[in-house]
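All values below come from the heavy atoms of this structure, side chains included, with hydrogens, waters and symmetry mates left out. Residue numbers begin at 1 in each chain, while the letters A, B, ... track the order of the sequences.
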Protein chains: 2
Amino acid sequence: MELSNKQITVIFKALCDENRVQIFRLLQNGELCACHLLEDLHLSQPTLSHHMKVLCDSGLVVGRKEGKWMHYSISQEGAKIAMDCLKEITAVNKSECNCCNK
Amino acid sequence: MELSNKQITVIFKALCDENRVQIFRLLQNGELCACHLLEDLHLSQPTLSHHMKVLCDSGLVVGRKEGKWMHYSISQEGAKIAMDCLKEITAVNKSECNCCNK
DNA sequence: AAAACATATTGACATTTTTCTATGCGTATG
DNA sequence: CATACGCATAGAAAAATGTCAATATGTTTT
């Protein structure tokens, strides 16, 4: 799994806004449609729509269209990719100091 | 571990900028001082200093002052907290649909 | 077919973030 | 002790992001 720096930022942007974090908390109880999410968030409908796009772009959330409703849920595949990515980017290969002052 | 939505955003802001992701890649080979990081990034010194502050605030990176040098490294404790947080926020408790259209 | 409904898109504005130049502060060195 | 060095801070400009009102799009219902 070789993700670019840009791709990594897209994934973690999902968790860089308080409202989006709150959306995760709401989705933890299962799939919800946008209208239901809207009830619990102090946001306008277009703003929610914008956040859901950011979340879907990250891969951490997936949308499922059913008639005129959009159902959103947390993607376990997306979560696994994010976890692997976080693990990979924070892994340290060596431990000695490489500084100019060594 | 009960982190607020705000605290979560502070952690993951570390990975929302391409330059900061690149800094992680550089630190994966071990501790580096700011002057050395600066050589590999196309950034001014104050801009790097700003990014290092964001990284340290996230807890994913720690700084160690030695004389006039600042040595930065990836924090494994910080990484563990971020991993736990990501796991927790993407966990799903129920799987049935809770939508208004159920 | 028209009306109602759920969501997305557009365009504008406010806020936040990124970036730089200039400067300040602490530490080491001549 | 004066100077140089490494890094942080202040302030300003530019870019990106979050937000909303208005509107568009697609779907269901009457």
Side-chain angles (χ1 to χ4, degrees), chain A residues 5-24 26-27 31-58 60-73 97-102, chain B residues 5-24 26-27 31-58 60-73 97-102:
Chain A
N5 292 357
K6 175 66 178 172
Q7 288 173 312
I8 292 173
T9 66
V10 171
I11 291 174
F12 292 103
K13 269 190 173 59
L15 295 163
C16 283
D17 177 273
E18 293 187 53
N19 284 314
R20 289 197 292 265
V21 173
Q22 187 60 31
I23 291 169
F24 275 97
L26 296 171
L27 293 180
E31 192 181 54
L32 286 176
C33 68
C35 60
H36 200 157
L37 284 168
L38 196 53
E39 290 175 10
D40 290 347
L41 297 164
H42 299 173
L43 292 176
S44 69
Q45 179 270 320
T47 299
L48 175 61
S49 188
H50 161 72
H51 284 307
M52 298 320 293
K53 178 163 171 45
V54 173
L55 289 172
C56 289
D57 286 349
S58 80
L60 284 170
V61 168
V62 287
R64 179 175 67 83
K65 183 162 183 170
E66 190 176 317
K68 53 186 175 183
W69 289 276
M70 274 300 294
H71 299 247
Y72 293 103
S73 56
C97 176
N98 292 328
C99 184
C100 44
N101 188 37
K102 65 160 161 287
Chain B
N5 291 358
K6 175 66 178 172
Q7 288 174 311
I8 292 173
T9 66
V10 171
I11 292 173
F12 292 103
K13 268 189 173 59
L15 295 162
C16 283
D17 177 271
E18 293 186 55
N19 283 315
R20 290 197 290 267
V21 173
Q22 187 61 31
I23 289 168
F24 275 97
L26 295 172
L27 292 180
E31 193 181 52
L32 286 176
C33 67
C35 59
H36 200 156
L37 285 168
L38 196 53
E39 290 175 10
D40 290 347
L41 298 163
H42 300 172
L43 293 175
S44 69
Q45 180 270 318
T47 298
L48 175 62
S49 189
H50 159 73
H51 284 306
M52 298 320 294
K53 178 163 171 44
V54 173
L55 289 172
C56 290
D57 287 349
S58 80
L60 284 169
V61 168
V62 286
R64 178 175 68 83
K65 184 163 179 167
E66 190 178 318
K68 53 185 174 183
W69 290 276
M70 275 299 294
H71 298 247
Y72 293 102
S73 57
C97 176
N98 292 325
C99 183
C100 46
N101 187 37
K102 66 161 163 285

Tell me which of B:Met52 and A:Leu48 sits closer to the 5' end of DNA chain D, going by the nucleotide each one is nearest to.
B:Met52
Select one nucleotide: of D:dC20, C:dT7, D:dC7, the one nearest the side-chain heavy atoms of B:Cys35.
D:dC7
Could you go through nucleotides 14-18 of chain D and list every protein N or O atom that sits under 3.5 Å from one of its N or O atoms, giving the distance for each pair?
| residue | atom | partner | partner atom | Å |
| --- | --- | --- | --- | --- |
| D:dG18 | OP1 | A:Arg20 | NH1 | 3.2 |
| D:dG18 | OP1 | A:Arg20 | NH2 | 3.0 |
| D:dG18 | OP2 | A:Arg20 | NH1 | 3.4 |
| D:dG18 | OP2 | A:His50 | NE2 | 3.3 |

Atom CG of B:Leu41 and atom C1' of C:dT18: how far apart are they, to the nearest Å?
14 Å
Tell me, with the steps shown, if B:Arg64 and B:Glu31 meet side chain to side chain contact (heavy atoms under 4.5 Å, CB included).
CA-CA 9 Å; B:Arg64 178 175 68 83; B:Glu31 193 181 52; 2.8 Å; yes
Closest non-hydrogen atom pair between A:Val21 and A:Leu15, with its separation
CG2-O, 3.9 Å
Atom pairs, N/O to N/O, protein against nucleotides 26-30 of chain D, distance under 3.5 Å?
none

Can a donor-acceptor pair under 3.5 Å be found between the side-chain atoms of A:Gln45 and the base atoms of C:dA6?
no
Side chain to side chain contact (heavy atoms under 4.5 Å, CB included) for B:Met52 and B:Leu37? Distances and angles first, verdict last.
CA-CA 10 Å; B:Met52 298 320 294; B:Leu37 285 168; 3.9 Å; yes
Identify the two heavy atoms, one from A:Leu38 and one from A:Gln45, that lie closest to each other, and give their separation to 0.1 Å.
CD2-CB, 3.8 Å
Euclidean distance, atom CZ of residue A:Arg64 to atom P of C:dT7 [Å, nearest integer]:
12 Å
B:Gln22 CD to C:dT18 C1', in whole Å, measures 17 Å
Rounded to whole angstrom units, what separation is found between the CD atom of B:Glu39 and the C1' atom of D:dG6?
13 Å
Least distance between heavy atoms, A:Asp57 atom then A:Val10 atom:
O-CG1, 3.7 Å
Could you tell me how far apart A:Lys53 (NZ) and D:dT19 (C1') are, to the nearest whole angstrom?
17 Å
Trace of the side chain to side chain contact (heavy atoms under 4.5 Å, CB included) decision for B:Tyr72 with B:Leu55:
CA-CA 10 Å; B:Tyr72 293 102; B:Leu55 289 172; over 6 Å; no
Minimum heavy-atom distance A:Gly63-A:Cys56, with the two atoms named
N-SG, 4.0 Å
Roughly how many Å is it from CD in A:Glu18 to C1' in D:dT19, rounded to a whole number?
15 Å
Among A:Leu48, A:Thr47, A:Leu41, find the one that has a side-chain contact (heavy atoms from CB on, under 4.5 Å) with A:Ser44.
A:Thr47
Rounding to a whole Å, what distance do you find between B:His42:NE2 and C:dT18:P?
19 Å
Side chain to side chain contact (heavy atoms under 4.5 Å, CB included) between A:Ser73 and A:Leu27: does it pass, once the steps are laid out?
CA-CA 6 Å; A:Ser73 56; A:Leu27 293 180; 5.6 Å; no
Please give, in whole Å, the distance from C:dT27 C1' to B:His71 NE2?
13 Å
Which of D:dC7, C:dT9, C:dC20 is nearest the side chain of A:Ser49? It is C:dT9
